[in-house]
Structure formats: structure tokens, C-alpha cells
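Just so it is clear, the structure is predicted and the values come from calculations on it, not from any experiment.
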Amino acid sequence: MLTAAPYLRTRRPSPTTAEFIVSTLPPLTLPLRIALAAIYFLRLVLALGVLLLLYSAWAQSPYASTATPINSTALMPPSYTPLDSATIDSTGTYLAGGGGNSSTDASYSFLSFAYIQQALHTLLRSRIGVLCSSLTASLPPWVLIPSCVFMLYLLSLRIGAEERLLVLRGLGIQTSSSSSTIFGSLKTRFIPTDKIQDVFINEVFRGFEVRHVLVVIVEGEEHVVVVFPKLLPRPRILEKVWRGVRECLYEYDGGPTADGKL
């Protein structure tokens, strides 16, 4: 399977640094890497197909007729003709300013917007393009456009989720949470040590279910900071993280003290 139940990985680069990673993505073995690469490649192909549907709908709309016409002769790939004798001196050295086309002109022609538009029009005349054109012609825009946008969103969803807690003694803690899509950035927050009042495990209601969460009380803030808010791991994992945080921040292992208190 591509995902698993939330599990804990711990990294300790030094005695004063600890990183706790809760993830739903299993360890990246070679078969899993191949499967993920195949899935993301298939998603890319499907996303390009959806974009082709949207371009086909735009090409059939009245707005496309108002666009600037394309000069097909100007969009042909540059041809390189043999150098004539006027561009070569007696020693066989090529003289600048001859009749040959430069690589800059070639890259400009291939990367220009007009050339890309011409390539898309050529693609629409292929079998796949004709199929997309017939499909877009049979669907109204108010059905096609939201469906394509929703499909692109589904194709951009990330496989698995990961949340991290980095503890630095004398500095503070940093929480990180991966985005739900592959285009989203990592959400991080750093809390200095002098702002941390307490770290403990609390019980909360989630619908009709009681869940355990690891929370941080920050000085000057009305609400607590919930660690691993998306995955909400099991209490056994939270207890390991809680003991590791207190041990790294305060050199305290989380066990009972001399008076029997936690």
C-alpha cells in the first residue's frame, strides 16, 4: 500500500537536538519509489490531457476568433543553409554576419508564444485533439470548466502526509506540516524557549470521538498550539514525543521526580 497508519520516526543529530516525524508514507523502498514515480507520471499525463481539454474549449469559443492570427510561415523551424563563399575567408575562418542562423534565433523561435500556440493548434488536429474537441463541444462551459479545475485539484493532491517537530535546546521548537497538494509550501512555525510555558498531552473532542493531542502553551497567546494537528497520532506516539521534548528542552526524561510527581 502507498500509505499507512501514522507512525513515528525520531532523529537525534546531537544530544541537544531532536526531530520527531509523524508520517503516513511508508519507508521509501525501491518498489515504492517505482510505484510513486509511475503514479506521478500518470498524473502528469492526465493533467496535460485536462489542460488540452480546456485549450480546446477556448479554441472553440468566440474569444479565440479575436486573437491575433498566426503566421504559419514565420513559425517554421529555422533552416540552416550551407555557408556561401562570401562568409569564409581564404584561411577557412567563418566571418560573423554571414547568412547562417544563430542558435539564439532558433531558441527564440521555439520558445516564442506564437510557436507554442501553433504547436497546440497542430495537436488539436491530431486524433487526441479531435476527441477533445468533440468532447468539449458536447459539454456546456459551466460543466466543463469546474470539472476540469476539480480534476486538476485531485491530480495535485499529495500522496501521504508528514508532520515534524524539531526541538533545539536553548532555542525553541519548530513545527512543520506538509501541504495537501504538491504545489503547496511547507507550513512551519518557530516558538522560542522563553515563550514556552508548558508542553503536555490533552484530550479533545472531535465530533463524537475523544482524541489525544500534544499541545504547547505559548506565553501571550490565547489559544494553545497543537502539534501534529492533521494526523493526530495515537497516544503511545504522543507520549514518546512528549518525553523526548521535555528531555531535550529541559534535560528531563518525563518520568516521575523524587516526590513522585510527573
Side-chain angles (χ1 to χ4, degrees), residues 1-33 35-36 157-182 184-262:
M1 297 180 64
L2 297 178
T3 58
Y7 68 98
L8 176 65
R9 301 199 316 267
T10 304
R11 295 178 60 251
R12 291 184 178 273
S14 66
T16 60
T17 304
E19 186 177 23
F20 305 95
I21 307 170
V22 177
S23 175
T24 60
L25 191 65
L28 293 178
T29 59
L30 181 59
L32 182 59
R33 292 177 185 271
L36 290 176
L157 289 178
R158 189 184 300 272
I159 299 177
E162 186 175 274
E163 293 181 301
R164 298 169 178 252
L165 177 63
L166 178 63
V167 185
L168 303 170
R169 182 182 301 172
L171 295 177
I173 62 177
Q174 176 178 284
T175 61
S176 304
S177 180
S178 61
S179 175
S180 57
T181 64
I182 58 177
S185 59
L186 190 68
K187 299 179 181 178
T188 61
R189 180 184 178 181
F190 182 78
I191 306 175
T193 303
D194 55 355
K195 295 291 184 179
I196 301 175
Q197 292 186 342
D198 199 2
V199 181
F200 59 91
I201 300 175
N202 196 16
E203 293 182 350
V204 297
F205 285 97
R206 188 181 184 183
F208 296 99
E209 185 181 6
V210 178
R211 302 299 297 267
H212 293 79
V213 294
L214 181 67
V215 298
V216 181
I217 298 181
V218 183
E219 181 182 357
E221 295 189 9
E222 181 180 358
H223 302 285
V224 298
V225 177
V226 179
V227 185
F228 314 130
K230 294 182 179 179
L231 299 180
L232 296 177
R234 298 185 298 271
R236 179 174 57 86
I237 296 178
L238 294 178
E239 184 178 355
K240 290 182 180 180
V241 176
W242 174 74
R243 292 181 184 276
V245 170
R246 297 186 67 87
E247 178 183 0
C248 189
L249 278 181
Y250 313 115
E251 301 183 75
Y252 169 60
D253 59 1
T257 57
D259 55 359
K261 297 182 180 180
L262 290 177

Worksheet item: Can you list every pair that meets salt bridge (Lys or Arg N to Asp or Glu O under 4.0 Å) and has a residue in residues 16-28, with sequence neighbours left out?
Response: R11-E19, E19-R164
Worksheet item: Can you check whether I196 reaches I173 side chain to side chain, under 4.5 Å on heavy atoms?
Response: yes
Worksheet entry | Nearest atoms (heavy-atom pairs only) where G244 meets R12 | CA-NH2, 3.9 Å
Response to the item:
In terms of heavy-atom contacts, S185 and S179 come closest through O-CB, 3.7 Å
Discussion item. Going by the rule side chain to side chain contact (heavy atoms under 4.5 Å, CB included), which residues pair with L168 if we only count those two or more places apart in sequence or in a different chain?
Written reply: T17, L166, L171
Discussion item. Could you tell me if the side chain of L36 sits less than 4.5 Å from the side chain of L28, heavy atoms only?
Written reply: yes
Fill in: Minimal non-hydrogen separation, F20 against V167, with atom names
CE1-CG2, 4.0 Å
Discussion item. Test of understanding: with side chain to side chain contact (heavy atoms under 4.5 Å, CB included), list the residues that count as partners of E222, not counting sequence neighbours.
Written reply: none
Item to complete: Name all residues meeting the salt bridge (charged side-chain N to carboxylate O under 4.0 Å, His left out) criterion together with E163; count only those two or more places apart in sequence or in a different chain, and write none if there are none.
Response: none
Practice prompt. Under the side-chain hydrogen bond (donor to acceptor under 3.5 Å, both in side chains) rule, collect the residues that match up with E239, sequence neighbours excluded.
Written response: R243
Worksheet item: When rounded to the nearest 0.5 angstrom, what is the spacing between CZ in R9 and CD1 in I21?
Response: 4.5 Å
Worksheet item: Are V22 and Y7 side-chain neighbours, meaning at least one heavy-atom pair lies under 4.5 Å?
Response: no
Item to complete: Rounded to the nearest 0.5 Å, what's the gap from CZ on F200 to CZ on R246? Could you check?
Response: 11.0 Å
Practice prompt. Of all the heavy-atom pairs spanning C248 and A18, show the shortest one and how long it is.
Written response: SG-N, 4.0 Å
Item to complete: Return yes if some donor-acceptor pair links the side-chain N/O of T24 with the main-chain N/O of A161 below 3.5 Å, else return no.
Response: yes
Fill in: salt bridge (charged side-chain N to carboxylate O under 4.0 Å, His left out) partners for R189, two or more places apart
E221
Practice prompt. Could you pull out all residues at least two apart from D194 that satisfy salt bridge (charged side-chain N to carboxylate O under 4.0 Å, His left out)?
Written response: none
Worksheet item: Counting only N and O atoms by type, is there a donor-acceptor contact under 3.5 Å from the side chain of R158 to the main-chain atoms of S180?
Response: no
Worksheet, complete the sentence: Residues at least two apart in sequence or cross-chain that pass salt bridge (charged side-chain N to carboxylate O under 4.0 Å, His left out) with E219, listed by chain then number, are none
Worksheet entry | Closest approach of L186 to S177 (non-hydrogen atoms, all atoms of both residues) | CD1-O, 3.3 Å
Practice prompt. Apply side chain to side chain contact (heavy atoms under 4.5 Å, CB included) to T29 and list each qualifying residue two or more places apart in sequence or on a separate chain.
Written response: P31, L32
Got a list of side-chain donor-acceptor pairs under 3.5 Å for residues 228-237, not counting sequence neighbours?
residue: K230; atom: NZ; partner: S178; partner atom: O; Å: 2.9

Discussion item. According to side-chain hydrogen bond (donor to acceptor under 3.5 Å, both in side chains), who are the partners of R169, at least two apart in sequence or on a separate chain?
Written reply: none
